[in-house]
Amino acid sequence: MALNIAVSAQTIEYKTFIYTSENLADDIQRVNDSQDDTRRFDVDLLNATLGAAKGIGAGYISTIIDMGVNVLGNLITRNARLQKEWEDMVKEENVWSTKISSIQDVKDFYQKPSTAGALDPLNMSFDGIGCLRMENTDTVFFVSCHIDRSKLNRIVNHSKFELVLDTLILSPLHSNLPNTRLPLEFSFDERKNFNLSMNIKLTSSWFTDAIELHNNAHLGEFNITIPIKKDDVDSTGFVRYIRPKDEPSKYPVVGESFIVPRSYMGYRDANGRYKNIWGTGQYKLDIELRETCDITPEYRANWKTDRKRRKKMMPSVNFFNNVWKTISSQHWDEITRSWVITTISAPAGVIENEIKKDLKLNNAGASNTNGKSQSGGMQKK
């Protein structure tokens, strides 16, 4: 019997925000001023930025291999299956991951160029990262991290910054687990030890004043691990957390990153005198989201019943043959003062006909992979 599943339920969309702040530079300067006066950044900044345009980046589509097809194919055979085969299948479902990457270099880690040097922190505007997933109008996942204001001295002393998690909204019941195209929902009666992990990497490319190119250099990495048990969620199945002001976060962000080096470029002023200038800093962002869980003893004991349940849920063959793709876009949002990376996974037909129009991507840009295929299975039950 064929199972009809609404197209909207097969679409996964994540929005990733790269926050900026006009006040962060003042906070850093106050930390610097409170230390030895000889360390003050007394520089003559230009009164204009590099004029880098902030617009919609080129989109791309990459094919996703649906790992669930081969695993679930075992169910339509008539051979006897052992409990181990069932467990192997369920363990496959207990892992989901996807990667979100900026399509092009994110511009302007700093508000303005500098004449002081490559690591001048003055006018630093980058202020953290957020990631959002919604189902219709409901927020089912949101994590927001900002630069840790209690550790700004690390920027002044070591050219490094740390992040702190400020806001979290998370629900295992609305997660991507179990990672299967069957209409199975997450249940604490069947799955335990839900865990969300988030890995954030920053890379950058820049020229030095010695005309040396540093290409795709790794600047830093941050890791967040959030374990969720049944007792941690509220009556609606959610964990909601807002960090109290000036207190450590309940969910630590492990790691650190160098501030983005400014790229060197010489120029001549109106009088023809040659001067040095360092830019506003460009960088790339890579995020990996990963969800995992385990099998409960009760679920394992009822594996035969579950096998029969799955057989009744088996959709048509055409459902499994539907190729899934991922499409991404990147743009600057003037209202929120943040870069927004939108990553959507859906069946190919939906990507080609509907989502691409919503993201306003032309055919040439949307079909250009440029070798930026995304790994991980963004699959939806």
Side-chain angles (χ1 to χ4, degrees), residues 1-14 64 66-76 86-98 131-143 168-197 226-240 289-316 319-320 322 324 344-347 350 376-381:
M1 179 178 65
L3 182 69
N4 295 322
I5 302 177
V7 169
S8 60
Q10 302 176 40
T11 303
I12 302 174
E13 175 178 328
Y14 282 94
I64 296 296
D66 190 349
M67 294 183 293
V69 174
N70 294 331
V71 175
L72 291 173
N74 293 331
L75 292 176
I76 60 177
W86 175 88
E87 283 204 27
D88 289 342
M89 178 180 61
V90 175
K91 287 180 180 179
E92 290 265 1
E93 298 173 349
N94 287 352
V95 179
W96 173 90
S97 67
T98 190
C131 192
L132 169 70
R133 179 186 170 197
M134 300 187 69
E135 291 183 0
N136 298 319
T137 59
D138 297 327
T139 299
V140 296
F141 170 73
F142 180 60
V143 61
L168 173 69
I169 300 175
L170 178 62
S171 172
L173 305 182
H174 294 268
S175 68
N176 299 288
L177 299 179
N179 185 8
T180 173
R181 308 252 309 262
L182 290 177
L184 296 173
E185 297 182 352
F186 184 94
S187 169
F188 281 109
D189 294 331
E190 299 176 349
R191 322 267 173 167
K192 63 178 182 177
N193 299 331
F194 178 89
N195 187 84
L196 171 80
S197 63
I226 303 173
I228 302 296
K229 297 181 180 179
K230 186 176 182 179
D231 295 338
D232 296 327
V233 302
D234 60 20
S235 59
T236 63
F238 277 84
V239 173
R240 294 181 173 89
L289 291 176
R290 184 177 178 86
E291 296 172 348
T292 60
C293 64
D294 297 322
I295 308 172
T296 64
E298 295 79 10
Y299 191 34
R300 181 178 285 107
N302 292 322
W303 68 274
K304 289 184 179 180
T305 302
D306 183 69
R307 185 194 65 182
K308 294 178 181 179
R309 177 183 65 159
R310 290 165 178 268
K311 194 170 184 179
K312 292 180 179 179
M313 290 181 175
M314 187 61 59
S316 64
F319 179 80
F320 288 111
N322 199 346
W324 277 53
I344 301 177
S345 179
V350 179
M378 291 186 69
Q379 306 165 23
K380 184 63 179 174
K381 45 187 175 287

ask   = For the residue pair Tyr299 and Glu190, what are the closest heavy atoms and their distance?
value = CD2-O, 3.3 Å

request  = Compare every heavy atom of Phe238 with every heavy atom of Arg240, then report the nearest pair and how far apart it is.
outcome  = NH1-CB, 3.3 Å

task = Taking the side chain as every heavy atom from C-beta outward, state whether Ile12 and Arg133 have any pair of such atoms under 4.5 Å apart.
result = yes

ask   = Less than 4.5 Å apart, any side-chain heavy atom of Arg310 and any of Leu184?
value = yes

inquiry  = Tell me whether Asp138 contacts the main-chain N or O of Val140 through its side chain, where contact means a donor paired with an acceptor under 3.5 Å.
reply    = no

query = Does any non-hydrogen side-chain atom of Met89 lie less than 4.5 Å from one of Glu93?
reply = yes

pair Asp189-Lys230: side-chain heavy atoms closer than 4.5 Å = yes

Non-hydrogen atoms of Lys192 and Ile295 that approach each other most closely = CE-O, 3.4 Å

query = Would you say Leu196 and Phe141 make side-chain contact, with heavy atoms under 4.5 Å?
reply = yes

inquiry  = Between Phe194 and Glu291, is there a side-chain heavy-atom distance shorter than 4.5 Å?
reply    = yes

note = Residue set satisfying ring pair (Phe, Tyr, Trp, His ring centres under 6.0 Å) with Phe188, at least two apart, ordered chain then number -> Phe186

query = With distance as the sole test, does Asn179 use its side chain to make a donor-acceptor pair with the main-chain N or O of Val95 at under 3.5 Å?
reply = yes

request  = Go through the steps for Asp232 and Lys229 under the test salt bridge (Lys or Arg N to Asp or Glu O under 4.0 Å), then give the verdict.
outcome  = CA-CA 5 Å; Asp232 296 327; Lys229 297 181 180 179; over 6 Å; no

